[in-house]
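Here is the structure we will look at.
Naming: A, B, ... by sequence-line order, numbering from 1 per chain. The basis for the numbers below is simple: all heavy atoms, side chains too, and nothing from hydrogens, waters or symmetry mates.
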Amino acid sequence: MSDIIQPRVLKGFRDFLPEAEIERAAMMEKLAGAFRSYGFVPIDTPALEYAEILLGKAGGETEKQVYRFKDAGGRDVAMRFDLTVPFARFMAEHVAELYLPFKRYHMAKVWRGENTQRGRYREFVQCDFDIVGVDNAAADFEILSVIRSAMTALGAADSTVRMNNRGVFNRFLTRLGVAERSVEILRTVDKLAKIGPEETRSQLAELAGATAADELMAFIRADEAFGATLDRIERLAGGPAEDSDRLREIYAMAQACGIADKVVLDPSITRGLDYYTGVVFETFLDAMPELGSVCSGGRYNDLASLYTKQRLPGVGASVGMDRFLAGMEALGRPSRRGSYSRALVMNLDDASAVDYQAAAASLRAAGIACEVFPERRKPAQQFSYAEKKGIAFALIRGEEEKARGVWTLRELATRKNDDFDGLAALTAALSSVASEA
RNA sequence: GUGGAUGUAGCUCAGUGGUAGAGUCCCAGAAUGUGGAUCUGGUCGUCGCGGGUUCGAUCCCCGUCAUCCACCCCA
C-alpha cells in the first residue's frame, strides 16, 4: 500500500548538504570581498527571461542547451544560461538610472542542458564582474587584477592567468588572408592545450592550408616571457598597433602591482565565444590545468547592442564556482566545516533548563555562535553531535556542577575541562579562544 | 547529443539463476550522566527504476534514470 514517490534529483542538478553549502557560502563571501575592494557593486536579475531576450543573438550550441518553455500564460520563456546576456538587457533598461563607468558583480545560478561531467553541471553558479563604459588599459587591467585577487582570496594563488588580445590575432589572420575563417580557426587554436600541437596543426591545415597552418603554429607559441611573446606576435601581425600597445600597458600595470609572475601572454587563448573583441583571459589552477578554465572573460565592444542604440563597451570575467570547487576537492584541499556554532550548551539536567538558555544568551551577546542541545540525552551522544557539527567547545552544567556553583568548559578535541565560577568568566574565556579559531 | 564504464545497508565495498553479506556507522548492554580501547547483542536493503526470459532474476536480455570517462562545448 505504499506508493511513495522515489526521491531523486535531475541529471546535472545537485543537493548541497550543510558542509558543502557552508563552503560555497564562504567562497561567495570571499569573492564578494575581493569585488568590493575594487568598488564593484552587487546586482541581481530574474532567473527567467523572455526567450527572445536571451536568445536574440545566440545560435548553435547555446540554443540547443538553453532551458526553454511556455509559461502558464503562454509566454515563450527561457532560463538564463549565463549572466552576461541578462546583464546586457539590464544595462539597456537601466543605464539612465545608473552611472558610467558601472562596475557590478553578480553571483547566481545559471542553467545549461548540456551533458555532465566532473565540474560540469546543468545548474551551476557563475560569479561575474564587469566594468561597462570604458575601453582602455586601466579597465582591462582592473579585471585582470580582480581575477588575481579573487584567486588569492579563494586560496588558489597558485593559478595562472593566460591572456591574449583578439585584435592582434585578427590582424594576423587578415595578413595571412584567412580572416573569413577566423571563427573556426580561433576555435581550433583554442584547443591547442588539449589536443597537442600536431593535431592542432593538421586541423589548421585543413582549414587554412599547410602554409598558413605553419605560420599559425609559429604565432601561437607561448614559451617565452610576456614581452618577448608580445614582440613576436606584434611583428607577425604587421607591427605596432593599438591592440598590442594595450597588452603592453596592461602588463606594465601588472608588473607595477606585483602580479606579473602569474600572468602569461598566450596567443593560443582565444575563447570560443565570438562576442569578445579585445583582451581575453583564462585562469588555470597550476596543479590541475586539465580541469579547464576556472575564471574566464575578456573585452567586448558593445555589450547591449541588441537592446539599445547606446554603445556600451565593457570588460569582465566570470568565476566558475562549481568547477573551481570540483578542482579544489580533487586536489584534496576542501575546507570542511559542519556548522557555524562555536559552542554547545549540554543538556544534562532538567532543573537547569533556564540556566542553559541564559548561558547561550550570554555567549551570543559576546558574539559567539552557540546552541543549546534541545533535550536531555547521554553526554556521549551530545559530544558526538557537537563533533559532527564541528563545534569546538561544550559547556557542561549538570547536577554536580550546579551544586558546586560552576560551569565546566570542555574542549572537544583535547577533552580537557576547565571550571569557571560564573557566566561572565566563562564568556570571557571563550571569547579569547574563540577569536583565535 | 554520440560512444564507453558503473549503479548492492547511512558510508566504503564483496557476492550468487533459488528473494543477500563484510567493514564502518548507528542503537542497547557489560560499566545505571562526561564520548577516543575491548566484548556481547541488535536495527537498517523495493540488490537504481520498469519490462522480458525463466518454475524462480539482485545475477541473463531490453528499455529507462543517474554518476563517472572520452568527444562536443564551456564555468
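- Using a 4.0 Å heavy-atom cutoff across all strands shown, A:Thr116 reaches sugar-phosphate atoms only and no base atom.
- Taking a pair to require two hydrogen-bonding distances under 3.5 Å in either a Watson-Crick or a G-U wobble arrangement, B:U46 remains unpaired.
- Checked options A:Arg112, A:Arg14, A:Lys109, A:Arg122; the residue passing with A:Asp322 is A:Arg14 (criterion: salt bridge (Lys or Arg N to Asp or Glu O under 4.0 Å)).
- Distance check on atom C1': B:A66 versus B:G48 gives 8 Å, rounded to whole Å.
- Closest to the A:Ser384 side chain, of the nucleotides B:G33, B:C26, B:A75, is B:C26.
- Across all strands shown, B:U38 is found opposite B:A30 as a Watson-Crick or G-U wobble partner, with both distances under 3.5 Å.
- Remark: aromatic rings of A:Tyr105 and A:Phe35 are close, center separation under 6.0 Å.
- Residue A:Lys378 has a polar side-chain atom (N or O) positioned under 4.0 Å from OP1 or OP2 of B:G29.
- Across all strands shown, B:U67 forms a Watson-Crick or G-U wobble pair with B:A5, both key distances being under 3.5 Å.
- When Watson-Crick and G-U wobble pairs are counted only if both distances are under 3.5 Å, B:C60 pairs with B:G52.
- Across all strands shown, B:U19 forms no Watson-Crick or G-U wobble pair with both key distances under 3.5 Å.
- Comparing atom distances between the A:Asn115 side chain and each of B:A75, B:C26, B:G1 picks out B:G1 as nearest.
- Look at the P atom in both B:G23 and B:G18: the space between them is 24 Å, to the nearest Å.
- As rounded to the nearest Å, B:U12 and B:C74 have C1' atoms that lie 33 Å from one another.
- Remark: the separation of the P atoms in B:C59 and B:A9 is 15 Å, to the nearest Å.
- Distances shorter than 4.0 Å separate some side-chain N or O of A:Gln117 from OP1 or OP2 on B:A70.
- Only the C1' atoms considered, B:U8 is 10 Å distant from B:G21, to the nearest whole Å.
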**OP:** Check the pair A:Phe219 / A:Phe172 against ring pair (Phe, Tyr, Trp, His ring centres under 6.0 Å), numbers first and verdict last.
**Re:** CA-CA 9 Å; A:Phe219 184 87; A:Phe172 176 64; 4.1 Å; yes
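- B:G4 and B:G56 have their C1' atoms separated by 33 Å, given to the nearest Å.
- Evaluation of atom-type donor-acceptor distances gives no pair under 3.5 Å for the side chain of A:Glu282 against the base of B:A75.
- Searching all strands for a Watson-Crick or G-U wobble partner of B:G10 with both distances below 3.5 Å returns B:U24.
- Spacing of P atoms, B:A22 relative to B:G29, comes out at 24 Å, to the nearest Å.
- In terms of modelled atom types and a separation under 3.5 Å, the side chain of A:Tyr356 and the main chain of A:Leu348 share a donor-acceptor contact.
- For B:C74, its base sits under 3.5 Å from the side chain of A:Arg323 at one donor and acceptor pair at least.
- B:C62 and B:U53 have their P atoms separated by 15 Å, given to the nearest Å.
- In plain terms, the two heavy atoms of A:Phe373 and A:Asn347 that are nearest each other are O-ND2, 3.0 Å.
- Comparing atom distances between the A:Gln381 side chain and each of B:C27, B:C26, B:G35 picks out B:C27 as nearest.
- The base of B:C73 lies close enough to the side chain of A:Arg120 for a donor and an acceptor atom to sit less than 3.5 Å apart.
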